[in-house]
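Residue numbers start from 1 in every chain, and the chains themselves are labelled A, B, ... in the order their sequence lines are given, proteins ahead of strands.
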There are 2 protein chains.
Amino acid sequence: MQNMRIGELAARAHVSTRALRYYEEQGILHSERTPSGQRVYGEAAVERVRLIQHLYSAGLASRTIALILPCVDTGHAPPEMLSSLHTERDRISTVIADLEQARRRLDQVIELTEHPDPEHCAIVRDAAGRTTAIAGVAA
Amino acid sequence: MQNMRIGELAARAHVSTRALRYYEEQGILHSERTPSGQRVYGEAAVERVRLIQHLYSAGLASRTIALILPCVDTGHAPPEMLSSLHTERDRISTVIADLEQARRRLDQVIELTEHPDPEHCAIVRDAAGRTTAIAGVAA
DNA sequence: CCTCACGTTGACGTCAAGGGCAAGTCGGCG
DNA sequence: CGCCGACTTGCCCTTGACGTCAACGTGAGG
(Lines give C-alpha, C1' and ligand atoms only; values in the text may rest on other atoms or scores of the structure.)
Protein backbone atom coordinates (compact mmCIF):
# COMPACT_ATOMS: atom_id res chain seq x y z
CA MET A 1 0.00 0.00 0.00
CA GLN A 2 2.98 2.22 0.64
CA ASN A 3 4.13 1.81 -2.94
CA MET A 4 1.86 2.00 -5.92
CA ARG A 5 2.07 1.53 -9.62
CA ILE A 6 1.03 3.98 -12.25
CA GLY A 7 -2.63 3.03 -12.41
CA GLU A 8 -3.24 3.63 -8.72
CA LEU A 9 -1.37 6.92 -8.71
CA ALA A 10 -3.39 8.03 -11.71
CA ALA A 11 -6.62 7.19 -9.94
CA ARG A 12 -5.62 8.89 -6.70
CA ALA A 13 -4.33 12.04 -8.35
CA HIS A 14 -7.18 12.14 -10.87
CA VAL A 15 -5.02 12.19 -13.96
CA SER A 16 -4.49 9.70 -16.78
CA THR A 17 -1.60 7.30 -16.85
CA ARG A 18 -0.67 8.93 -20.11
CA ALA A 19 -0.26 12.25 -18.32
CA LEU A 20 1.99 10.69 -15.69
CA ARG A 21 4.27 9.18 -18.32
CA TYR A 22 4.29 12.54 -20.03
CA TYR A 23 5.34 14.26 -16.80
CA GLU A 24 8.18 11.79 -16.44
CA GLU A 25 9.19 12.37 -20.04
CA GLN A 26 9.33 16.09 -19.24
CA GLY A 27 11.48 15.42 -16.23
CA ILE A 28 9.05 16.76 -13.66
CA LEU A 29 7.96 13.48 -12.08
CA HIS A 30 10.35 10.68 -11.22
CA SER A 31 9.69 7.04 -10.49
CA GLU A 32 11.46 4.02 -9.19
CA ARG A 33 11.34 0.94 -11.37
CA THR A 34 10.88 -2.71 -10.62
CA PRO A 35 13.50 -5.01 -12.15
CA SER A 36 11.07 -5.60 -14.98
CA GLY A 37 10.68 -1.89 -15.64
CA GLN A 38 7.33 -1.05 -14.10
CA ARG A 39 7.03 2.34 -12.45
CA VAL A 40 6.66 2.44 -8.69
CA TYR A 41 5.70 5.53 -6.71
CA GLY A 42 5.60 6.39 -3.02
CA GLU A 43 2.80 8.17 -1.21
CA ALA A 44 4.42 11.57 -1.74
CA ALA A 45 3.84 11.28 -5.48
CA VAL A 46 0.13 12.01 -5.06
CA GLU A 47 0.82 15.43 -3.55
CA ARG A 48 3.56 15.91 -6.10
CA VAL A 49 1.17 15.42 -9.00
CA ARG A 50 -1.30 17.85 -7.43
CA LEU A 51 1.42 20.47 -7.21
CA ILE A 52 2.31 19.88 -10.83
CA GLN A 53 -1.31 20.39 -11.80
CA HIS A 54 -1.44 23.63 -9.84
CA LEU A 55 1.61 24.91 -11.64
CA TYR A 56 0.19 23.85 -14.99
CA SER A 57 -3.06 25.60 -14.29
CA ALA A 58 -1.00 28.62 -13.32
CA GLY A 59 0.05 28.70 -16.94
CA LEU A 60 3.60 27.52 -16.35
CA ALA A 61 5.07 25.45 -19.17
CA SER A 62 6.59 22.10 -18.32
CA ARG A 63 10.07 23.43 -19.00
CA THR A 64 9.53 26.16 -16.42
CA ILE A 65 8.14 23.66 -13.98
CA ALA A 66 11.15 21.46 -14.51
CA LEU A 67 13.29 24.44 -13.58
CA ILE A 68 11.58 25.46 -10.40
CA LEU A 69 10.47 22.12 -8.96
CA PRO A 70 13.93 21.23 -7.66
CA CYS A 71 13.96 24.60 -5.89
CA VAL A 72 10.64 23.88 -4.26
CA ASP A 73 12.05 20.53 -3.19
CA THR A 74 15.29 21.77 -1.73
CA GLY A 75 13.68 24.93 -0.42
CA HIS A 76 16.17 27.22 -2.06
CA ALA A 77 17.32 28.27 -5.49
CA PRO A 78 20.67 29.12 -7.01
CA PRO A 79 20.88 32.92 -6.88
CA GLU A 80 21.05 33.27 -10.66
CA MET A 81 17.59 31.80 -10.84
CA LEU A 82 16.08 34.37 -8.51
CA SER A 83 15.26 36.83 -11.28
CA SER A 84 13.33 34.25 -13.27
CA LEU A 85 11.50 33.24 -10.11
CA HIS A 86 10.52 36.86 -9.61
CA THR A 87 9.47 37.08 -13.25
CA GLU A 88 7.20 34.07 -12.92
CA ARG A 89 5.83 35.40 -9.67
CA ASP A 90 4.95 38.70 -11.30
CA ARG A 91 3.39 36.94 -14.28
CA ILE A 92 1.21 34.93 -11.97
CA SER A 93 0.16 38.07 -10.13
CA THR A 94 -0.85 39.68 -13.40
CA VAL A 95 -2.85 36.65 -14.43
CA ILE A 96 -4.60 36.65 -11.06
CA ALA A 97 -5.51 40.31 -11.47
CA ASP A 98 -6.88 39.65 -14.97
CA LEU A 99 -8.85 36.70 -13.71
CA GLU A 100 -10.32 38.73 -10.90
CA GLN A 101 -11.37 41.39 -13.35
CA ALA A 102 -12.96 38.80 -15.61
CA ARG A 103 -14.74 37.32 -12.63
CA ARG A 104 -16.11 40.73 -11.68
CA ARG A 105 -17.48 41.03 -15.21
CA LEU A 106 -19.21 37.71 -14.90
CA ASP A 107 -20.49 38.69 -11.47
CA GLN A 108 -22.04 41.79 -12.92
CA VAL A 109 -23.85 39.83 -15.59
CA ILE A 110 -25.03 37.27 -13.07
CA GLU A 111 -26.12 39.95 -10.65
CA LEU A 112 -28.03 41.86 -13.27
CA THR A 113 -29.70 38.75 -14.59
CA GLU A 114 -30.74 37.49 -11.19
CA HIS A 115 -31.84 40.88 -9.89
CA PRO A 116 -32.80 43.11 -12.79
CA ASP A 117 -32.69 46.58 -11.29
CA PRO A 118 -33.03 49.35 -13.88
CA GLU A 119 -31.58 52.02 -11.62
CA HIS A 120 -28.57 50.06 -10.49
CA CYS A 121 -28.07 48.81 -14.01
CA ALA A 122 -26.82 51.96 -15.68
CA ILE A 123 -24.29 52.52 -12.93
CA VAL A 124 -22.78 49.07 -13.17
CA ARG A 125 -22.69 48.98 -16.94
CA ASP A 126 -21.00 52.35 -17.03
CA ALA A 127 -18.37 51.16 -14.59
CA ALA A 128 -17.75 47.89 -16.38
CA GLY A 129 -14.74 49.11 -18.30
CA ARG A 130 -12.76 50.34 -15.36
CA THR A 131 -10.79 48.37 -12.85
CA THR A 132 -10.79 50.52 -9.75
CA ALA A 133 -13.64 51.19 -7.37
CA ILE A 134 -15.50 48.10 -8.59
CA ALA A 135 -14.23 45.73 -5.96
CA GLY A 136 -16.55 47.08 -3.34
CA VAL A 137 -19.54 46.72 -5.62
CA ALA A 138 -18.67 43.24 -6.80
CA ALA A 139 -17.77 41.89 -3.39
CA MET B 1 -8.78 58.93 -35.52
CA GLN B 2 -12.13 57.77 -34.29
CA ASN B 3 -12.07 54.80 -36.64
CA MET B 4 -9.07 52.60 -37.13
CA ARG B 5 -8.06 49.73 -39.29
CA ILE B 6 -6.73 46.42 -38.15
CA GLY B 7 -3.08 47.41 -37.85
CA GLU B 8 -3.73 50.26 -35.48
CA LEU B 9 -6.09 48.23 -33.33
CA ALA B 10 -3.51 45.47 -33.14
CA ALA B 11 -0.85 47.93 -32.01
CA ARG B 12 -3.08 49.59 -29.45
CA ALA B 13 -4.36 46.33 -27.99
CA HIS B 14 -0.94 44.65 -28.19
CA VAL B 15 -2.06 41.68 -30.21
CA SER B 16 -1.25 40.49 -33.72
CA THR B 17 -3.48 41.23 -36.68
CA ARG B 18 -3.69 37.47 -37.08
CA ALA B 19 -5.23 37.22 -33.63
CA LEU B 20 -7.82 39.87 -34.46
CA ARG B 21 -8.87 38.08 -37.63
CA TYR B 22 -8.99 34.87 -35.66
CA TYR B 23 -11.27 36.49 -33.07
CA GLU B 24 -13.58 37.61 -35.83
CA GLU B 25 -13.52 34.14 -37.33
CA GLN B 26 -14.56 32.79 -33.92
CA GLY B 27 -17.37 35.30 -33.76
CA ILE B 28 -16.13 37.17 -30.71
CA LEU B 29 -14.99 40.40 -32.35
CA HIS B 30 -16.98 42.17 -35.02
CA SER B 31 -15.93 44.81 -37.50
CA GLU B 32 -17.46 47.19 -39.95
CA ARG B 33 -16.13 46.98 -43.45
CA THR B 34 -15.27 49.60 -46.00
CA PRO B 35 -16.85 49.09 -49.43
CA SER B 36 -13.61 47.42 -50.46
CA GLY B 37 -13.74 45.01 -47.57
CA GLN B 38 -11.21 46.42 -45.13
CA ARG B 39 -12.02 46.09 -41.45
CA VAL B 40 -12.84 49.25 -39.53
CA TYR B 41 -13.07 49.45 -35.75
CA GLY B 42 -14.24 52.10 -33.30
CA GLU B 43 -12.47 53.12 -30.12
CA ALA B 44 -14.43 50.62 -28.05
CA ALA B 45 -12.72 47.76 -29.85
CA VAL B 46 -9.51 48.33 -27.89
CA GLU B 47 -11.21 47.70 -24.58
CA ARG B 48 -13.09 44.85 -26.20
CA VAL B 49 -9.92 43.09 -27.20
CA ARG B 50 -8.50 43.53 -23.71
CA LEU B 51 -11.59 41.89 -22.28
CA ILE B 52 -11.23 39.02 -24.72
CA GLN B 53 -7.64 38.54 -23.64
CA HIS B 54 -8.68 38.52 -20.00
CA LEU B 55 -11.24 35.84 -20.68
CA TYR B 56 -8.71 33.80 -22.66
CA SER B 57 -6.21 34.03 -19.85
CA ALA B 58 -8.99 32.88 -17.57
CA GLY B 59 -8.86 29.66 -19.53
CA LEU B 60 -12.17 30.17 -21.33
CA ALA B 61 -12.33 28.69 -24.80
CA SER B 62 -13.40 30.92 -27.65
CA ARG B 63 -16.71 29.08 -27.95
CA THR B 64 -17.44 29.88 -24.33
CA ILE B 65 -16.42 33.48 -24.84
CA ALA B 66 -18.70 33.67 -27.84
CA LEU B 67 -21.51 32.54 -25.59
CA ILE B 68 -21.04 34.96 -22.74
CA LEU B 69 -19.81 38.08 -24.52
CA PRO B 70 -23.28 39.05 -25.77
CA CYS B 71 -24.46 38.82 -22.16
CA VAL B 72 -21.72 41.14 -21.01
CA ASP B 73 -22.77 43.49 -23.80
CA THR B 74 -26.45 43.52 -23.08
CA GLY B 75 -25.92 43.33 -19.34
CA HIS B 76 -28.17 40.34 -18.89
CA ALA B 77 -28.34 36.71 -19.84
CA PRO B 78 -31.16 34.40 -20.81
CA PRO B 79 -32.00 32.54 -17.59
CA GLU B 80 -31.10 29.16 -19.03
CA MET B 81 -27.54 30.40 -19.33
CA LEU B 82 -27.22 31.32 -15.69
CA SER B 83 -26.02 27.92 -14.62
CA SER B 84 -23.19 27.91 -17.13
CA LEU B 85 -22.27 31.42 -16.04
CA HIS B 86 -22.06 30.18 -12.46
CA THR B 87 -20.03 27.19 -13.63
CA GLU B 88 -17.53 29.40 -15.39
CA ARG B 89 -17.40 31.74 -12.43
CA ASP B 90 -16.61 28.85 -10.12
CA ARG B 91 -13.99 27.52 -12.50
CA ILE B 92 -12.31 30.91 -12.51
CA SER B 93 -12.37 31.00 -8.74
CA THR B 94 -10.71 27.61 -8.63
CA VAL B 95 -8.02 28.71 -11.03
CA ILE B 96 -7.41 31.81 -8.94
CA ALA B 97 -7.05 29.71 -5.81
CA ASP B 98 -4.58 27.39 -7.56
CA LEU B 99 -2.64 30.37 -8.81
CA GLU B 100 -2.46 31.87 -5.35
CA GLN B 101 -1.23 28.61 -3.94
CA ALA B 102 1.40 28.33 -6.65
CA ARG B 103 2.44 31.91 -5.95
CA ARG B 104 2.81 31.15 -2.28
CA ARG B 105 5.07 28.24 -3.18
CA LEU B 106 7.21 30.52 -5.29
CA ASP B 107 7.24 33.10 -2.52
CA GLN B 108 8.52 30.52 -0.11
CA VAL B 109 11.38 29.57 -2.38
CA ILE B 110 12.22 33.21 -3.03
CA GLU B 111 12.03 34.04 0.65
CA LEU B 112 14.26 31.15 1.64
CA THR B 113 16.79 31.91 -1.03
CA GLU B 114 16.99 35.59 -0.24
CA HIS B 115 16.99 35.14 3.53
CA PRO B 116 18.29 31.70 4.41
CA ASP B 117 17.06 31.21 7.93
CA PRO B 118 17.50 27.67 9.24
CA GLU B 119 14.98 28.09 12.03
CA HIS B 120 12.27 29.62 9.93
CA CYS B 121 12.99 27.13 7.19
CA ALA B 122 11.58 23.97 8.71
CA ILE B 123 8.36 25.73 9.61
CA VAL B 124 7.74 27.05 6.14
CA ARG B 125 8.62 23.80 4.38
CA ASP B 126 6.36 21.88 6.66
CA ALA B 127 3.50 24.22 5.88
CA ALA B 128 4.04 24.13 2.15
CA GLY B 129 1.40 21.54 1.44
CA ARG B 130 -1.44 23.23 3.18
CA THR B 131 -3.57 26.09 1.98
CA THR B 132 -4.84 27.77 5.11
CA ALA B 133 -2.99 29.93 7.58
CA ILE B 134 -0.29 30.64 5.04
CA ALA B 135 -1.75 33.83 3.67
CA GLY B 136 -0.51 35.91 6.57
CA VAL B 137 2.98 34.57 6.17
CA ALA B 138 3.06 35.00 2.40
CA ALA B 139 1.57 38.48 2.38
C1' DC C 1 0.98 56.74 -63.31
C1' DC C 2 3.93 54.10 -59.97
C1' DT C 3 5.09 52.83 -55.54
C1' DC C 4 4.72 50.88 -51.21
C1' DA C 5 2.88 50.03 -46.90
C1' DC C 6 -1.20 48.07 -45.38
C1' DG C 7 -5.11 45.15 -46.20
C1' DT C 8 -7.64 40.73 -47.85
C1' DT C 9 -8.59 35.40 -47.95
C1' DG C 10 -6.94 30.66 -47.90
C1' DA C 11 -4.13 27.13 -46.74
C1' DC C 12 -0.68 25.08 -44.21
C1' DG C 13 2.74 24.96 -40.01
C1' DT C 14 3.66 24.90 -35.03
C1' DC C 15 3.66 23.98 -30.20
C1' DA C 16 2.06 22.05 -25.86
C1' DA C 17 -0.44 18.65 -23.41
C1' DG C 18 -1.93 14.93 -23.73
C1' DG C 19 -5.21 10.78 -26.35
C1' DG C 20 -5.19 6.41 -28.57
C1' DC C 21 -3.52 2.37 -30.72
C1' DA C 22 -0.24 -1.38 -31.49
C1' DA C 23 2.68 -5.02 -30.04
C1' DG C 24 4.84 -6.93 -26.60
C1' DT C 25 5.81 -7.93 -21.17
C1' DC C 26 4.51 -8.78 -16.18
C1' DG C 27 2.31 -10.82 -12.51
C1' DG C 28 -1.20 -12.89 -9.75
C1' DC C 29 -4.86 -16.61 -9.78
C1' DG C 30 -7.36 -20.81 -10.76
C1' DC D 1 -0.03 -24.35 -17.14
C1' DG D 2 -2.98 -20.64 -19.38
C1' DC D 3 -5.43 -16.45 -18.76
C1' DC D 4 -6.27 -11.66 -18.27
C1' DG D 5 -5.73 -7.17 -16.75
C1' DA D 6 -2.26 -3.87 -15.84
C1' DC D 7 2.04 -2.37 -17.49
C1' DT D 8 5.86 -1.10 -21.09
C1' DT D 9 7.70 1.69 -25.27
C1' DG D 10 6.92 3.75 -29.72
C1' DC D 11 4.38 6.09 -32.76
C1' DC D 12 1.01 9.05 -34.85
C1' DC D 13 -3.47 11.89 -33.95
C1' DT D 14 -6.06 15.83 -31.92
C1' DT D 15 -7.24 20.48 -30.22
C1' DG D 16 -6.67 25.49 -29.62
C1' DA D 17 -4.59 29.72 -30.57
C1' DC D 18 -2.37 31.50 -33.22
C1' DG D 19 2.27 32.07 -36.95
C1' DT D 20 3.52 32.17 -41.67
C1' DC D 21 3.48 32.23 -46.53
C1' DA D 22 1.26 32.97 -51.01
C1' DA D 23 -1.22 35.66 -54.13
C1' DC D 24 -3.72 39.38 -54.61
C1' DG D 25 -6.54 44.16 -53.72
C1' DT D 26 -6.42 49.15 -51.73
C1' DG D 27 -5.32 53.82 -51.25
C1' DA D 28 -2.56 58.03 -50.15
C1' DG D 29 1.93 60.39 -51.72
C1' DG D 30 5.16 61.93 -55.09
Side-chain angles (χ1 to χ4, degrees), chain A residues 1 3-42 45 48-69 88 91 95 98-99 102, chain B residues 1 3-42 45 48-69 88 91 95 98-99 102:
Chain A
M1 189 66 77
N3 285 344
M4 52 193 145
R5 290 181 302 170
I6 197 170
E8 188 180 345
L9 176 58
R12 291 180 54 183
H14 306 104
V15 298
S16 64
T17 61
R18 180 65 176 89
L20 295 179
R21 293 196 190 96
Y22 177 73
Y23 296 163
E24 182 166 328
E25 187 180 317
Q26 302 302 304
I28 61 187
L29 178 68
H30 305 295
S31 60
E32 300 299 308
R33 298 296 187 113
T34 68
S36 64
Q38 300 204 350
R39 291 170 178 84
V40 179
Y41 304 91
R48 179 78 163 191
V49 171
R50 294 220 176 96
L51 170 58
I52 291 174
Q53 297 265 300
H54 286 152
L55 295 174
Y56 268 122
S57 84
L60 302 198
S62 39
R63 273 188 7 263
T64 312
I65 296 180
L67 272 180
I68 71 172
L69 261 189
E88 284 307 324
R91 215 186 44 71
V95 173
D98 286 356
L99 280 167
Chain B
M1 189 66 80
N3 285 345
M4 52 193 147
R5 290 181 302 169
I6 198 169
E8 188 179 346
L9 176 58
R12 290 181 55 184
H14 306 104
V15 297
S16 65
T17 60
R18 178 65 176 92
L20 294 179
R21 293 198 190 96
Y22 177 74
Y23 296 162
E24 182 167 329
E25 186 180 319
Q26 302 302 305
I28 61 186
L29 178 68
H30 305 296
S31 60
E32 299 300 308
R33 297 297 187 112
T34 68
S36 64
Q38 300 203 349
R39 291 169 178 84
V40 179
Y41 305 91
R48 179 78 163 195
V49 171
R50 294 220 176 95
L51 171 58
I52 292 174
Q53 296 265 299
H54 287 152
L55 294 174
Y56 269 123
S57 83
L60 304 198
S62 40
R63 272 188 7 264
T64 312
I65 296 179
L67 273 180
I68 72 172
L69 261 188
E88 286 307 324
R91 222 185 41 70
V95 174
D98 285 357
L99 280 166

* How would you give the extent of chain B contacts on DNA chain C, as first and last nucleotide 5' to 3' within a 4.0 Å heavy-atom cut-off? ->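 Going 5' to 3' along DNA chain C, contacts run dG7(C) to dT9(C).
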
* **Residues that Arg63(A) engages under salt bridge (Lys or Arg N to Asp or Glu O under 4.0 Å), provided they are two or more places apart** =>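 With neighbours one apart ignored, the set is empty.
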
* salt bridge (Lys or Arg N to Asp or Glu O under 4.0 Å) involving Arg50(B) - partner list, sequence neighbours excluded ->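 So Arg50(B) forms no salt bridge (Lys or Arg N to Asp or Glu O under 4.0 Å) with any residue.
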
Side chain to side chain donor-acceptor pair (under 3.5 Å) against [X], all qualifying residues, sequence neighbours excluded:
{"X": "Tyr23(B)", "answer": "Gln53(B)"}
{"X": "Ser16(B)", "answer": "none"}
{"X": "Arg5(B)", "answer": "Gln38(B)"}

* Asked: Quick one: on DNA chain D, does Arg18(B) or Gly7(A) contact a more 5' nucleotide (nearest heavy atom)?
  ->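 By nearest-heavy-atom nucleotide position, the 5'-most residue is Gly7(A).
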
* Identify, between Tyr56(B) and Thr34(B), the residue whose nearest nucleotide on DNA chain D lies closer to the 5' end. =>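 By nearest-heavy-atom nucleotide position, the 5'-most residue is Tyr56(B).
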
To the nearest Å, give me how far apart [atom1] ([X]) and [atom2] ([N]) are.
{"X": "Leu9(A)", "N": "dA6(D)", "atom1": "CG", "atom2": "C1'", "answer": "14 Å"}
{"X": "Gln38(B)", "N": "dA28(D)", "atom1": "CD", "atom2": "C1'", "answer": "12 Å"}
{"X": "Leu60(B)", "N": "dG16(D)", "atom1": "CG", "atom2": "P", "answer": "14 Å"}

* Would you check if Ile28(A) and Tyr56(A) make a side-chain contact, meaning some heavy-atom pair closer than 4.5 Å? =>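 The answer is yes, as the side chains (C-beta and beyond) meet within the 4.5 Å cut-off.
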
* Taking side chain to side chain contact (heavy atoms under 4.5 Å, CB included) as the test, write out the residues that go with Arg21(A), two or more places apart. =>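 With sequence neighbours excluded, Arg21(A) shows a side chain to side chain contact (heavy atoms under 4.5 Å, CB included) to Ile6(A), Thr17(A), Arg39(A), given in chain and number order.
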
* Asked: Under the side chain to side chain contact (heavy atoms under 4.5 Å, CB included) test, which residues partner Glu88(A), sequence neighbours left out?
  ->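 Testing Glu88(A) for side chain to side chain contact (heavy atoms under 4.5 Å, CB included), a comparison that skips the adjacent residues, returns Leu60(A), Thr64(A), Arg91(A), Leu106(B).
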
* To do: Check whether any side-chain N or O of Arg33(A) sits under 4.0 Å from OP1 or OP2 of dT9(D), and answer yes or no.
  =>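 For Arg33(A), the contact criterion (side-chain N or O under 4.0 Å from OP1 or OP2 of dT9(D)) is met.
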
* In residues 20-31 of chain A, what residues come within less than 4.0 Å of DNA chain C, judged by heavy atoms? ->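 Residues of residues 20-31 of chain A under 4.0 Å from DNA chain C: Tyr22(A), Tyr23(A).
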
* With a 4.0 Å cut-off on heavy atoms, is Thr17(A) in touch with a base, just the backbone sugar-phosphate, or nothing at all? ->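 Result for Thr17(A) = nothing.
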
